[in-house]
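Note sheet for the following structure.
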Protein chains: 2
Amino acid sequence: MNETPAGRPTLETVARAAGASRATVSRVVNGSTTVRPDVAESIRRAIAELGYVPNPAARSLVTQRTDSIALILPESATRVFSDDAFFPGVIRGVGEALEKADKQLVLLLASTKSSHDRILRYVHGRTVDGVVLASMHGADTLPEELRAAGVPVVTSGRPLGEATVPYIDVEHASGVEAAMRHLVGLGRRRIATIAGPQDMVAGRERLAGYLNGLEALGAAPLVEEGDFMRQSGMDAMERLLARDPDIDGVFAASDLMADGALRTLRRLGRRVPDDVAVIGFDDVDAARFTDPPLTTVHQPIHEIGTRLAEQILRLVEGEEVEASVVLPTRLVIRESA
Amino acid sequence: MNETPAGRPTLETVARAAGASRATVSRVVNGSTTVRPDVAESIRRAIAELGYVPNPAARSLVTQRTDSIALILPESATRVFSDDAFFPGVIRGVGEALEKADKQLVLLLASTKSSHDRILRYVHGRTVDGVVLASMHGADTLPEELRAAGVPVVTSGRPLGEATVPYIDVEHASGVEAAMRHLVGLGRRRIATIAGPQDMVAGRERLAGYLNGLEALGAAPLVEEGDFMRQSGMDAMERLLARDPDIDGVFAASDLMADGALRTLRRLGRRVPDDVAVIGFDDVDAARFTDPPLTTVHQPIHEIGTRLAEQILRLVEGEEVEASVVLPTRLVIRESA
DNA sequence: TCGACTCGTGAGAGCGCTCTCTCGAACGAT
DNA sequence: ATCGTTCGAGAGAGCGCTCTCACGAGTCGA
């Protein structure tokens, strides 16, 4: 209320300074080509001198666009936020791509239950032109509600149940199958898995990949479930070993859980990979630094982010986009298997 | 352009439906008490029935507020983004606090040089009410430029050079001094440090803490510099050992570097803590899972975020805030020292 | 030379909201 | 019964921008 030294210049100010009309200045600001070069030049000079910057609120009011995109991270995402490199990587990818398009990134960390309504309010109020929704548990109703509200939406990860909005995902199952083939090729016969949460598609599909891979072996599955975090991997590995001490191979559905498994194995005197071979999933930076370095299924985290951004931008422009984009994964062989 | 089934309801729509004037509806929406209860009630009903949500652009245009705060992460921050838990933690803290205040979080990942201008444009356009600036290298001019633009700013970490804007920081030096006392109390006499980048205040002050702690011992300092990341810790530890094989204690200026040091020590056959005691700084989640679990200086990452948010909100409201808030650190003793 | 077209520019409406000002009604005091 | 006061509610201006429409000045073919 007191910090307006001389009042910010408006279109009107610039117009007067350049001896033109508001409309013409607006044309120059928005890059219209139908302005006489010399007039455009003098307007540009006036803009520079006055330090004029368009007021986005006024612009939004008439264009009905805000040039900003929301990235929504549900509670399940924020919980692992500080320990997992997945979401920071996605955020970075989305952020970079949006910056290139000169759009703003509005981050909505849905930490609590009440956030749901808040998100819908934002979206209904057209605070953002589009929404990127990251990884949700179970049958989240949010994507559908957003779609119903008429807002462009893209989700990261195929939703459980029917996909009603476009999504970006990776080849979970085939990546895991490659990992399984690698273990089998190593001569492993008693292969267990530490699965992810089964109310998340990533958890389910990685388990499916394990089961598919096991079929070739004709061996019985050996599954313990974790929550993608390290501690759960440690615990699951212990349960696994209690159920079958002869396990010689483990696929863990996340690098963090694989690292947990590595620790438990070491503690219980198993050598990796000699006694037990371990493969993870994600290929986060830290995977290169586990002991031993982790063989893992690489997924292109950064690219997931950039592709999410690309798709939402196209949707916002009214273009059609593929119902789904599924990015490849690949096995990165290090020393744990 | 085609997704407006019936046109979003405006104040006018609600006013007509409720048989009141636009002004009165506005009063109800904004919680004014000077509306007759029954009138207010019928307006509220109309709002609910029509699904009315205020248009923030229109509101901003007249109030000159946007109710959104920018969080700027400079390039140096995004680089470590995916491996370090610090910035995700800060983001989460800021996000939570802003959500409570019903403000939006606009994330500006300053990935390139050109971002500088973009940021200034945003800020000059009053796209945001205030700016939270995270950890910058060297004598960044951004805080000062923002302040000059008349925008409320708070920074995370005391800037190098003179602080021209309020900041939130932690007690780097005294935390490190506690760590040094602990090492000395353990009988360690040949204590080295893996310092952080010396163009960052955090790097400098932690080194200062080491040097202060060493003074009591009367021993010569032994310093190698890293970049806070794991690999640099591995390398620095190797150089340190080459310079003096009798090192029996190490303070690393980040947990990541401490973890790197642990790996190098193990590889070179040193037992931790028996031969060499190691202490880190940060207390990220992963510190509980190093081998052995890392003794480290805890800093309240999440609280840094919430305090940043609090301060910027107060500044935006025109209140005065302390020139600096310095949060305490404390030594967390685990098994590495 | 005149009508038909461009083409660049300005006038003016209007986006949806807030906020000041005004006004009428109700009420208490004299 | 009259006047001042209070209080709730409406009228209307205006925030800064975009965009349609109209208009005057050239340009060109007949």
Side-chain angles (χ1 to χ4, degrees), chain A residues 1 3-4 6-44 46-47 50-68 121-122 124-127 129, chain B residues 1 3-4 6-44 46-47 50-68 121-122 124-127 129:
Chain A
M1 295 294 170
E3 281 288 47
T4 37
R8 351 201 63 264
T10 71
L11 263 196
E12 186 67 44
T13 323
V14 175
R16 265 201 301 268
S21 72
R22 236 168 44 238
T24 302
V25 177
S26 176
R27 280 187 262 263
V28 170
V29 168
N30 293 295
S32 165
T33 50
T34 65
V35 177
R36 226 172 56 219
D38 58 321
V39 175
E41 187 47 39
S42 77
I43 288 174
R44 264 190 286 272
I47 288 174
L50 295 167
Y52 168 75
V53 178
N55 179 324
R59 178 177 284 173
S60 290
L61 189 54
V62 33
T63 60
Q64 306 283 29
R65 288 182 302 99
T66 59
D67 290 324
S68 61
R121 241 184 43 234
Y122 272 10
H124 272 115
R126 289 290 185 278
T127 310
D129 295 340
Chain B
M1 294 294 171
E3 281 289 45
T4 37
R8 351 200 62 263
T10 71
L11 263 196
E12 186 66 44
T13 324
V14 176
R16 265 201 302 269
S21 72
R22 235 165 49 238
T24 302
V25 177
S26 176
R27 279 187 263 261
V28 170
V29 168
N30 293 295
S32 164
T33 49
T34 65
V35 178
R36 225 172 56 219
D38 57 322
V39 175
E41 186 47 39
S42 76
I43 288 175
R44 264 191 287 272
I47 288 175
L50 295 167
Y52 168 76
V53 178
N55 179 324
R59 177 178 284 171
S60 290
L61 189 55
V62 32
T63 59
Q64 305 284 30
R65 289 181 301 100
T66 60
D67 291 324
S68 62
R121 242 183 42 235
Y122 272 9
H124 271 115
R126 290 290 185 278
T127 310
D129 296 339

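Lettering of chains follows the sequences in order, A, B, ..., and the numbering in each one begins at 1.
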Note to self: A side-chain contact here means heavy atoms from C-beta on lying under 4.5 Å apart; do B/R22 and B/V25 qualify?
What the structure shows: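 No, their side chains stay 4.5 Å or more apart.
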Margin query: Taking the side chain as everything from C-beta on, heavy atoms only, tell me whether A/V29 gets closer than 4.5 Å to A/P54.
Written below: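 Touching, per the 4.5 Å side-chain cut-off.
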Notebook entry, point to check: Between A/A20 and B/A57, which is nearer to the 5' end of DNA chain C once each is assigned its nearest nucleotide?
Noted result: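 Nearer the 5' end of the strand: A/A20.
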Can you measure [X] atom [atom1] to [N] atom [atom2] for me and round it to whole angstrom units?
{"X": "A/N55", "N": "D/dT18", "atom1": "CG", "atom2": "C1'", "result": "13 Å"}
{"X": "B/I43", "N": "D/dG10", "atom1": "CD1", "atom2": "C1'", "result": "12 Å"}
{"X": "A/D38", "N": "C/dC7", "atom1": "CG", "atom2": "C1'", "result": "14 Å"}

Notebook entry, point to check: Counting distance only, does the side-chain N/O of B/R8 pair as donor-acceptor with the main-chain N or O of A/H124 below 3.5 Å?
Noted result: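 Checked: pair present.
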Check: On a plain distance test, is the side chain of A/R36 in donor-acceptor contact with the base of C/dT9 below 3.5 Å?
Finding: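 Result: no qualifying N/O pair found.
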Check: When only distance counts, do a donor and an acceptor, one from the side chain of B/R27 and one from the base of D/dG10, lie under 3.5 Å apart?
Finding: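 Between D/dG10 and B/R27, which were checked side chain against base, a qualifying N/O pair under 3.5 Å is present.
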When you measure from the side chain of [X], which nucleotide among [options] comes out closest?
{"X": "B/L61", "options": "D/dT18, D/dC15, D/dA9", "result": "D/dC15"}
{"X": "B/S26", "options": "C/dG10, C/dT18, D/dC17", "result": "C/dT18"}
{"X": "B/Q64", "options": "C/dG16, D/dG8, D/dC15", "result": "D/dC15"}
{"X": "A/A23", "options": "D/dG16, C/dT18, D/dC19", "result": "D/dC19"}
{"X": "B/T34", "options": "D/dT18, C/dT18, D/dG8", "result": "D/dG8"}

Notebook entry, point to check: Do the side-chain N or O atoms of A/T63 get closer than 4.0 angstrom to the phosphate oxygens (OP1, OP2) of D/dT18?
Noted result: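 It does not, given that no N or O in the side chain of A/T63 lies less than 4.0 Å from OP1 or OP2 of D/dT18.
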Note to self: Between B/S21 and D/dG10, is there a contact of a side-chain N or O with OP1 or OP2 at under 4.0 Å?
What the structure shows: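 Yes.
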Checklist line | Atom of A/T127, atom of A/S68 and distance for their closest heavy-atom approach | finding: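 Looking at all heavy atoms of both residues, the closest pair is O-OG, 3.3 Å.
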Margin query: So B/P54, base contact, sugar-phosphate only, or nothing? Heavy-atom distance under 4.0 Å.
Written below: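 Counting heavy atoms under 4.0 Å across all strands, the contact made by B/P54 is with sugar-phosphate only.
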